[in-house]
Number of protein chains: 2
Amino acid sequence: MREPTFLILTALARGKHHGYSLLAETKKLSGGRVTLQPGSLYTTLDRLKEEELVQDAGDEIVDGRLRRYYTLTDTGAKALEREISRLESNAGAARLSLQARAVGGMA
Amino acid sequence: MREPTFLILTALARGKHHGYSLLAETKKLSGGRVTLQPGSLYTTLDRLKEEELVQDAGDEIVDGRLRRYYTLTDTGAKALEREISRLESNAGAARLSLQARAVGGMA
DNA sequence: AACTATATGTATATCGTATGACTATTGCTA
DNA sequence: TAGCAATAGTCATACGATATACATATAGTT
């Protein structure tokens, strides 16, 4: 799972969002590092729906504009949890390696 | 940075390795999840050398077979450190989101 | 003689993402 | 009232890291 996908799932874990609001939310979650373009967002959402990690959560018309809401499925929440574990495990292993390098100098 | 790249840099942070030993080391570091194929490994190493995150650390002939060693550069170590921070930050944000979901139910 | 492990590569395909152009509506303001 | 920004979403194409499959060679094992 790559960062855009991860950020989208993370944003949706807090509750439902519509597409456009995800653009702002993912940017915020990444501390400003990641700015998704509409094209990336919607193709990713389509894929995630096919994989059943994300599902539709109803449409709404606000000020004449359609809002299409999305939420995490339980499968999606589990996938996110596994992904978090992977990140933490990788980060931990790498921290150990870097410490070994700092302490031992280079072999 | 994706997982294969990350695992290769992590392995090299502990000291020099030749290509083939990285296949085993990255597998070990990932807890068996990731099995790099030779093709992925060597193309990634070539790219990392071009980007100067990794450098050659001498050749050696053992039992009639060539071993080509690699190490991290300082730039590579810094890149790995930044990457670790990114993983930790993403994992932290996602944990909070999942907790919000668990506590609040779904909105 | 065939097979497995060690060791290093090349060529091509795949897939998620990036990019950029496009459609459409509302609200503001000059 | 024409023009522009912001909101909301779609579509076509390109890119790039990795995956897959293949190639080559030596050493040791069965």
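By convention in this document, chain letters (A, B, ...) are assigned in the order of the sequence lines, proteins followed by strands, and residues within each chain are numbered from 1.
Taking atom CG on A/Leu41 and atom C1' on D/dG9, their separation rounds to 9 Å, with Å as the unit. Distance, B/Leu48 CG to D/dT18 C1': 12 Å, rounded to whole Å. Regarding B/Asp46, its CG atom lies at a distance of 16 Å from the C1' atom of D/dA19, rounded to whole Å. As rounded to whole Å, 17 Å separates atom C1' of C/dT8 from atom NE2 of B/His17. In this entry the distance linking CG of A/Leu23 with C1' of C/dT19 reads 14 Å, nearest Å. Distance CZ (B/Arg2) to C1' (C/dG16): 7 Å, rounded to an integer number of Å. Note: CD (B/Glu50) to P (D/dA17) measures 10 Å, nearest angstrom. Atom pair B/Leu36:CG and D/dA21:C1' shows a separation of 16 Å (rounding to whole Å applied).
Results of the side chain to side chain contact (heavy atoms under 4.5 Å, CB included) test with B/Thr26 over B/Val34, B/Leu9, B/Ile8 single out B/Ile8 as the only residue that passes.
The closest side-chain heavy-atom distance from A/Leu98 to A/Arg101 is below 4.5 Å. Side chains of A/Asp56 and A/Tyr69 form no contact here, defined as non-hydrogen atoms less than 4.5 Å apart. At a threshold of 4.5 Å between non-hydrogen side-chain atoms, the residues A/Thr71 and A/Gln55 count as touching. B/Leu7 is listed as a side-chain neighbour of A/Asn90, based on a closest heavy-atom distance under 4.5 Å.
The closest side-chain donor-acceptor pair between A/Thr5 and A/Arg47 falls under 3.5 angstrom.
Of the candidate nucleotides D/dA17, C/dA18, C/dT19, C/dA18 has the atom nearest to the side chain of A/Pro4. Here the side chain of B/Tyr70 is nearest to one of C/dG9, D/dA8, D/dT18, namely C/dG9. Residue B/Arg67 places its side chain closer to C/dT8 than to any other of D/dG9, D/dA19, C/dT8. Of the candidates D/dG9, C/dA7, D/dT20, D/dT20 carries the atom nearest the B/Ser40 side chain, counting heavy atoms from C-beta on.
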List every contact pair, protein side and nucleotides 23-26 of chain D side both N or O, where the distance is under 3.5 Å.
unit_1 : atom_1 : unit_2  : atom_2 : d
D/dT26 : O2     : B/Arg65 : NH1    : 2.7

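Each of A/Met1 and B/Val62 has a nearest nucleotide on DNA chain C; the 5'-most of these lies closest to B/Val62. Ranked by how close their nearest DNA chain D nucleotide is to the 5' end, B/Glu51 and B/Gly39 are led by B/Glu51.
Within the structure, every side-chain polar atom (N or O) of B/Thr43 is placed at least 4.0 Å from both OP1 and OP2 of D/dA17. Checking the phosphate oxygens (OP1, OP2) of D/dA17, no side-chain nitrogen or oxygen of B/Thr5 falls inside 4.0 Å. Distances shown here put a side-chain N or O of A/Arg68 below 4.0 Å from the OP1 or OP2 atom of D/dT10. Within the 4.0 Å cut-off from OP1 or OP2 of D/dT10, not a single side-chain nitrogen or oxygen of A/Tyr42 is found. Distances shown here put a side-chain N or O of B/Tyr20 below 4.0 Å from the OP1 or OP2 atom of C/dT6.
Residue A/Lys49 qualifies as enclosed at atom NZ: its count of foreign heavy atoms under 6.0 Å is above 12. By the neighbour-count criterion of 12 heavy atoms within 6.0 Å, atom CD of A/Glu52 is sparsely surrounded, having that number or fewer from other residues, nucleotides or ligands.
Counting any heavy atom pair closer than 4.0 Å across all strands shown, B/Gly19 reaches sugar-phosphate atoms only and no base atom.
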